[in-house]
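In the text below, chain A, chain B and the rest are named by the order of the sequence lines, each starting its count at 1. This one's a predicted model, so the numbers in the text were calculated from it and none came from an experiment.
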2 protein chains.
Amino acid sequence: MAGRKKNTGEAELSAVEDNPLFVGSLQRGFAILEAFGPDAAELGLTEIAQATGFDKSAAQRFAFTLHALGYLEKNPSTRKYRLSLKSLGLSYAYLRANPLIERATPYLADLRRQCRARVDLSLLDDTEIVYAVRLQSRREAFGATLLGRRMPAFCSSGGRAMLSVLDEAEARAIVERSNRRALTPFTLTDPDRIMASIAETRAQGYALSLQECLIGEIVVSAPVVGRNGRPVAAVHIASSLDDHDEAAVREHFAPLARATARLIAGGDTN
Amino acid sequence: MAGRKKNTGEAELSAVEDNPLFVGSLQRGFAILEAFGPDAAELGLTEIAQATGFDKSAAQRFAFTLHALGYLEKNPSTRKYRLSLKSLGLSYAYLRANPLIERATPYLADLRRQCRARVDLSLLDDTEIVYAVRLQSRREAFGATLLGRRMPAFCSSGGRAMLSVLDEAEARAIVERSNRRALTPFTLTDPDRIMASIAETRAQGYALSLQECLIGEIVVSAPVVGRNGRPVAAVHIASSLDDHDEAAVREHFAPLARATARLIAGGDTN
DNA sequence: TTTTATGTATTGCTATGCAATACAAAGGGT
DNA sequence: ACCCTTTGTATTGCATAGCAATACATAAAA
């Protein structure tokens, strides 16, 4: 987590950092919060310093402050810091304030009952999708069931669904600046082939991902389109190939996903 | 949201603020983030200034910075700020890093299948409980289904379950400094009667809340106890009185909740 | 015990971030 | 269409908040 690089262009970012309105301390504080992750659940001061590139003093001050504010807590035995419950507060505020999600939730619950598979709602954030609602089915790999999880848009079903709503050029731009690391042997990584898949998605009104993100998983997604014609979200239905084969998914789940997406779009305010 | 008062004692807080390690800018930044909530989904600069008590300049600088960092986004039409998707990231990191939650999730999913009612896992944070896992059943009021939601411990079933694990004195202290506003006409607000309910909970091994938080809702909860003997979490089973009466809940759900709590506690690392 | 590593506390200096103010750009009433 | 009010954006000199170096304390390791 040390030197994570954004492909969004550092130039633009450092431009904004030079703006006199920019408060560097805030940035550093968040950098420390963001240093905590699945791989780094608990961090000591020196580890924080290492992960962020700050010196010990800076790590100390910011960790101290975040602790005082309640965003970090200390494991008394290891004396290391970890994220605290308060981290959940922001999510709550976000979800609660988001009318799209409020609107979508009951439709997704209905969908979940109809197909008895995992149902997700994802949002597009540049080259990634973020899961905002997840209704899990049976036992899934734990990390895969969490809200806020990010996946690359180019290879996820929901990502392709949303990209298919954009114009060709915009979609291609996103695909091309994505980090197109293959997640499975089935992941398409060639931009042209990805764009072909997106074109197909556009034509049929839904995207289908066959083991492109996870071996054994098949996902259909339909885009939720805003009044302005832009993609707002994607409705996913994910299941195991053990339970449903491609034909069945296309025949039964795809129309359901599309219908749900349309219902959600129905009362859009954007 | 302007002058929210912590009953934890301001003295202690301002003591820490005077520590030279305390970075005030971080505090102000978070104060602005926290100004956003259900009631204040979108805020303009002046509104932010009002809500936080800062002057326009401060509001401007911090909003600018949070925007640059990606935690706030601007509604282009209203020019107001709102929380962005990035808010979900912290939750993800927290949940992902929390072994208790990872461990609990599959057991909760099983429980959900067995009782076909809403199943939640909550954690205790001083006088409040925070929902960390929620497996909803059918349509529920939207806000009630979200992760990160807080409820008073004194009147919630899960809260009483966890309080019942503490010693009498500690539990009473928490109850007494809670803001004991009645949420429904059935909410117990008298400390003595609450303590009696907690004692009963301790005796029977589960807590039962009959419409104390929400009219028409019945909830049983069992505490998850850590190796150190402290309450770690609570397992809730919530259903509507239309579906299940008190006797049925006590007979069928209470044992299930207790069993699940024990399973979760089984491999605790704390 | 000595040694090494890591967390905690202190302090003087200066760059950072502050607040006042000026400017621009929308809304909204008449 | 105008004014006037309101709200967002940009600039700047100055003081203080926050920095980095360093010293001290405490815990694990050898």
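- Sequence order on DNA chain D of the closest nucleotides to B:K80 and A:L21 puts B:K80 first from the 5' end.
- Rounded to an integer number of Å, the gap from A:Y81 OH to C:dT6 P is 15 Å.
- The listed nucleotides are D:dT7, D:dA21, C:dG7; the one nearest the side chain of A:D55 is D:dA21.
- Looking at A:K80 and A:E47, a side-chain N of the basic residue comes within less than 4.0 Å of a carboxylate O on the acidic one, giving a salt bridge.
- We find that A:R177 and A:D126 are joined by a salt bridge, their nearest charged nitrogen and carboxylate oxygen being less than 4.0 Å apart.
- Residue contacts for A:F54: at a heavy-atom cut-off of 4.0 Å it reaches no nucleic acid atom on any strand shown.
- Under the 4.5 Å side-chain criterion, counting only non-hydrogen atoms from C-beta, B:P223 is in contact with B:V165.
- Taking atom NE2 of B:H67 as the reference point, atom C1' of D:dG8 lies 13 Å away to the nearest angstrom.
- Taking the nucleotide of DNA chain D with the nearest heavy atom to each of B:S25 and B:Q60, the more 5' of the two is matched to B:Q60.
- Considering only heavy atoms from C-beta on, A:R202 stays 4.5 Å or farther from A:L163 through its side chain.
- Checking D:dT9, C:dG7, C:dA19 against the side-chain heavy atoms of A:L45 singles out C:dG7 as nearest.
- Taking 4.5 Å as the limit, every side-chain heavy atom of A:V130 sits out of range of all side-chain heavy atoms of A:L124.
- Of the candidates D:dG18, C:dA26, C:dG17, D:dG18 carries the atom nearest the B:V23 side chain, counting heavy atoms from C-beta on.
- Atom-to-atom, CZ of B:F64 to C1' of C:dG17 comes out at 13 Å; the value is rounded to the nearest Å.
- Taking the six-membered ring where the residue is Trp, B:F64 and A:F22 present perpendicular rings, their angle passing 60° and hence far from 30°.
- Per the geometry, CZ belonging to A:F22 stands 17 Å off P belonging to D:dT9, to the nearest Å.
- Comparing D:dT12, D:dA21, C:dA22 by their closest approach to the side chain of A:S57 singles out D:dA21.
- Computed from coordinates, the A:Q50 CD to C:dT6 C1' distance equals 12 Å when rounded to whole Å.
- Closest to the A:R79 side chain, of the nucleotides C:dA19, D:dA27, D:dG8, is D:dA27.
- In this structure the side chain of B:Y81 never reaches within 4.5 angstrom of the side chain of B:I32, judged on heavy atoms.
- Taking 4.0 angstrom as the limit, A:K74 places a side-chain polar atom (N or O) nearer than this to OP1 or OP2 of C:dT8.
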Applying the Watson-Crick and G-U criteria (both distances under 3.5 angstrom) with [ ] for crossing and | for other-strand pairs, one obtains for DNA chain C ||||||||||||||||||||||||||.|.|
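- Between A:R28 and C:dG17, a side-chain N or O to OP1/OP2 separation shorter than 4.0 Å is present.
- Atom pair B:F62:CZ and C:dA19:P shows a separation of 9 Å (rounding to whole Å applied).
- Computed from coordinates, the B:N75 CG to C:dA26 P distance equals 15 Å when rounded to whole Å.
- Across the protein-nucleic acid pair, B:K56 atom NZ and C:dA22 atom P stand 12 Å apart, rounded to whole Å.
- Taking the six-membered ring for Trp and the full ring otherwise, the centers of B:F30 and A:F30 sit less than 6.0 Å from each other.
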